[in-house]
Colleague: 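The structure under discussion is supplied below as structure tokens; questions concerning it will follow.
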Amino acid sequence: MQQVFKRPVSLKDVQTHFCPGCNHGTIHRLVAEAMDEFGVRERTIGVASVGCSVFLYGYFDVDVVEAPHGRAAAVATGVKRARPDSFVFTYQGDGDLAAIGTAEIIHAANRGEDITVIFVNNTTYGMTGGQMAPTTLVGQKTSTSPYGREHAKDGSPIRMAELLAQLGGVAFSARVAVNTSRNLMDAKKQIKKAFRYQVEGKGFSFIEALSTCPTAWGVTPIQANERVGRELIEYFPLGIFKDTADWNPQSSPTAPVEQPGALPFPEFMHEI
Amino acid sequence: MSQRLFVKGNEAVAMAAIEAGCRYYFGYPITPQSDIPEYLSRELPKLNGEFIQAESEVAAINMLLGASATGVRAMTSSSSPGISLKQEGISYMAGSELPGVIVNISRSGPGLGGIDASQADYWQSVKGGGHGGYHIVVLAPASIQEMYDLTMLAFDLADIYRTPVMVLADSVVGQMKEALLPNPRPVTTLPEKGWAVRGRKEGTPQMIVKSLFLGDGELEAHNWKLHGKYDVMREKECRQELFLTDDAELIITAFGSVARIAKTAILMAREAGMKVGLLRPITLFPFPAQAFKEVTGRCKKILDIELNNGQMVEDVRLSVARDAEVFFYGRPPGAGSLPVPEELFEQIIKHY
Ligand SMILES: Cc1ncc(C[n+]2csc(CCOP(=O)(O)OP(=O)(O)O)c2C)c(N)n1
């Protein structure tokens, strides 16, 4: 009998602390699968950020450095420069990366640090109780935008995947979602591609994963998933915003095989 | 034998870092320390090292945190306003027990202040400049030779105690040129860096560098552990210079650049027949409290001189014998406020 579904070895066999319906666990799994497929676990150094995903080391079976809030990209820069043979990834929320850590992410990206950044955008500060984030949608009510985010007063949500794609140092930038099985398959594919960039030493790769926060949004897990498809993807289109690599199929024995039947991932694909 | 060189204090720091095996530097430009990154940006690439001009001091200290977490020797340098920005990272490094060397060629403040020699960062340096109640080792060189020697020592102490170490100087010591004997790195037994993250090989434990401790009692135990290390440092690592203190009726205490000026004033006083000496703390943390206690067993007058409104004097008062008197003379930093020896000589006459 063939086992077709199992826990990635890069993930520990533990229960997560994430709320029901939160996508952090799913995204963790996709990242761990990519880690397994490229066989990089033993040389991976993860950089945890401050937010709901702070316990990265509790779930990933890899060495981890915990960064101060927002500073993961700078910490990862130090790690990668000191140990260029390691596989270095950061895992950051939208408050961490797109507010307090904006300077660090932009400059690490612009320097073209050979790292992979997993950016989880749930349009709110989950860990601190659902305050307004730089990604909060206009009109969205949060605990610090009780009347809804106002464009005039609070600005507009930042589209990080597009913003970073402008920078010369960025090799790959894509936005994915895990709200439907189709999007999930695409997300996995893009995460693997982001990994491949670093495995082949091809530069800074960035994945923005749209995510849910049923607790802070005040909705059920199913409603939260529906909101991703209905509202988030509308404003944060899924797609690849930069893809610079000129792959040599011979160059990487570890390169993942394209899955037969996987759907092409169009630019600016809207999932409803 | 090494050749005598004629170099700037800042260059001596950079040379010592390389001699100490530091190959990673992260920093952001600021006067009066930019000679350090300039030197290292030239030399580190030749040694297969990495030099990054970071986007800010915040980023630089966090790059140091990341590099240091992998077990390599790494450093950053800045001056007061930049050191303020690094405090978050220093607190995290102290909490995560990460070694690392931070050089502060301090300048005057508060705020943008000016670029003149200043000792107004004493409190920030020795009392735990960031949040959470920690200490870092603080070394205060007063000569170009000490800029070199203490920078090498800083790397060793950082590794031995798994702590950030600061070299605290000012523009006088950073910018002036003196003779330097670039001695080879001293031979020291250093602990293995078994805690470093290098990728978890099968069959080896997962390494986690962190300062978050949420389990019941975990953080309290961690804090006791850190403070236990500070006690060991207090016992084993205090360093000071005693100059003509044996027969002194008045002992001046001063650190760094102003101690050099005080020395000249002391020699003037000796020539005038006054028995004056100098106790110069070299480690500001751990503070050489025992040395103060010992000298004030006999000499009952201490004159503390600082380039600020009175900071180290608090630690001096806590350290001296109960019946000793402590006087203070300070010049808050700024253009034109560096005292000349004659000015300090007057203070000696006043308090002798
Ligand atoms: C310097 C600093 N400021 C604020 C905080 C408090 N804080 C912790 S997590 C967080 C935001 C987390 O939100 P996000 O990055 O979006 O991640 P999520 O929890 O939603 O996954 C904040 C503001 C902190 N730890 N440090």
Side-chain angles (χ1 to χ4, degrees), chain A residues 9-10 12 17 35 39-51 54-88 90 100-113 115 127, chain B residues 22-26 28 44 48-74 76 85-93 95-96 98 100 130-131 195-214:
Chain A
V9 292
S10 300
K12 293 184 185 178
H17 71 289
M35 223 175 258
V40 293
R41 181 176 67 90
E42 293 194 7
R43 59 187 181 93
T44 294
I45 299 173
V47 179
S49 65
V50 180
V54 69
F55 298 120
L56 205 67
Y57 46 81
Y59 307 132
F60 284 92
D61 201 1
V62 299
D63 283 1
V64 172
V65 186
E66 182 187 83
H69 191 29
R71 318 296 177 218
V75 171
T77 297
V79 171
K80 185 73 182 191
R81 294 288 185 115
R83 302 277 170 200
D85 293 339
S86 51
F87 182 91
V88 180
T90 74
I100 193 167
T102 324
E104 285 78 8
I105 192 64
I106 285 185
H107 289 276
N110 197 47
R111 284 190 303 269
E113 296 296 339
I115 60 174
M127 186 189 237
Chain B
C22 169
R23 294 292 177 272
Y24 303 92
Y25 174 94
F26 313 100
Y28 185 85
L44 284 177
N48 283 329
E50 291 279 349
F51 169 92
I52 299 186
Q53 181 165 322
E55 60 272 25
S56 69
E57 290 85 352
V58 176
I61 190 77
N62 284 289
M63 291 174 189
L64 173 60
L65 186 157
S68 170
T70 72
V72 301
R73 283 193 159 183
T76 184
L85 282 181
K86 290 186 197 291
Q87 293 302 332
E88 174 197 54
I90 296 173
S91 167
Y92 274 74
M93 287 179 71
S96 309
L98 282 178
H131 65 283
W195 46 265
V197 292
R198 296 181 174 120
R200 182 185 166 261
K201 304 281 171 300
E202 199 58 52
T204 63
Q206 179 192 30
M207 290 300 155
I208 305 165
V209 171
K210 67 178 179 110
S211 60
L212 179 73
F213 297 95
L214 293 180

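Chain A is the first sequence line, chain B the second, and so forth, proteins listed ahead of strands; every chain is numbered from 1. Every value quoted in this text rests on a predicted model; they were computed, and no experiment measured them.
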Colleague: Of the backbone (N, CA, C, O) and the side chain (C-beta and beyond), which part of A:Phe87 lies under 4.5 Å from a heavy atom of chain B, both, or neither?
Modeller: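 Neither part; nothing is under 4.5 Å.
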Colleague: Tell me if a side-chain donor or acceptor on B:Glu202 pairs with a main-chain N or O of A:Glu42 at a distance below 3.5 Å.
Modeller: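 No, because the side chain of B:Glu202 does not come within donor-acceptor range (under 3.5 Å) of the backbone of A:Glu42.
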Colleague: Taking all heavy atoms of B:Gln206 and all of A:Phe60, pick out the closest pair and write down the distance.
Modeller: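 Here B:Gln206 and A:Phe60 meet closest at NE2-O, 3.0 Å.
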Colleague: Side chain, backbone, both or neither: which part of B:Ile208 has a non-hydrogen atom closer than 4.5 Å to chain A?
Modeller: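 Looking at B:Ile208, backbone and side chain both touch chain A.
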Colleague: For B:Tyr92, enumerate each residue passing the side-chain hydrogen bond (donor to acceptor under 3.5 Å, both in side chains) test, keeping only those at least two apart in sequence or located in another chain.
Modeller: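 Partners of B:Tyr92 by the side-chain hydrogen bond (donor to acceptor under 3.5 Å, both in side chains) criterion come out as none, since no residue qualifies.
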Colleague: I need the residue from B:Leu214, B:Ile61, B:Leu65, B:Leu98 with the largest number of non-hydrogen atom pairs under 4.5 Å to chain A.
Modeller: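 The option with the most such pairs is B:Leu65.
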Colleague: Supply the atom-to-atom distance B:Lys201 NZ to A:Arg41 CZ, rounded to the nearest 0.5 angstrom.
Modeller: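 Rounded to the nearest 0.5 Å, the NZ-CZ separation comes to 10.0 Å.
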Colleague: Looking at A:Pro68, A:Ala74, A:Ser86, A:Gly70, which one has more heavy-atom pairs under 4.5 Å with chain B than the rest?
Modeller: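 Going by pairs under 4.5 Å, I would pick A:Pro68.
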Colleague: Does any heavy atom of chain A fall under 4.5 Å from the side chain of B:Arg198, the backbone, both, or neither of them?
Modeller: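 Both parts, backbone and side chain.
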Colleague: Looking only at heavy atoms, which two atoms of A:Glu104 and B:Ala59 are closest? And how far apart?
Modeller: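 In terms of heavy atoms, the two residues are closest at OE2-N, 4.1 Å.
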Colleague: Looking at A:Val50, A:Val54, A:Val65, which makes the most heavy-atom pairs under 4.5 Å with chain B?
Modeller: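 The residue among A:Val50, A:Val54, A:Val65 with the greatest pair count is A:Val65.
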Colleague: Which residue out of A:Arg71, A:Lys80, A:Arg43 racks up the most heavy-atom pairs below 4.5 Å with chain B?
Modeller: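 Ranked by contacts with chain B, first place is A:Arg71.
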Colleague: So which heavy atom on A:Ala82 is nearest to which on B:Val72, and how close?
Modeller: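 Of all heavy-atom pairs spanning A:Ala82 and B:Val72, the closest is CB-CG2, 3.7 Å.
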Colleague: At under 4.5 Å between heavy atoms, what parts of residues 105-112 of chain A are in contact with chain B? List them by residue number.
Modeller: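 Residues A:His107, A:Arg111 are the ones that qualify, each having a heavy atom under 4.5 Å from chain B.
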Colleague: Taking everything shown except A:Phe55 itself, do over 12 heavy atoms lie less than 6.0 Å from its CZ?
Modeller: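 Yes.
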Colleague: I'd like to know if the side chain of A:Arg83 and the backbone of B:Thr70 have a donor-acceptor N/O pair within less than 3.5 Å.
Modeller: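 Checked: pair present.
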Colleague: Does a side-chain heavy-atom distance below 4.5 Å link B:Leu212 with A:Tyr57?
Modeller: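 Side-chain contact under 4.5 Å: yes.
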Colleague: Going from CG on A:Asp63 to OG1 on B:Thr204, what distance comes out if it is rounded to the nearest 0.5 angstrom?
Modeller: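 OG1 of B:Thr204 is found 7.0 Å from CG of A:Asp63.
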Colleague: For the atom pair CD (B:Glu55) and OG1 (A:Thr102), what is the distance rounded to the nearest 0.5 Å?
Modeller: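 Separation between the atoms: 11.0 Å.
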Colleague: Can you measure from OG1 (A:Thr44) to CZ (B:Arg200) and round to the nearest 0.5 angstrom?
Modeller: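 Result: 11.5 Å between the selected atoms.
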Colleague: Identify which part of B:Ser211 has an atom lying under 4.5 Å from any heavy atom of chain A, answering side chain, backbone, both or neither.
Modeller: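 For B:Ser211, heavy atoms of backbone and side chain both lie under 4.5 Å from chain A.
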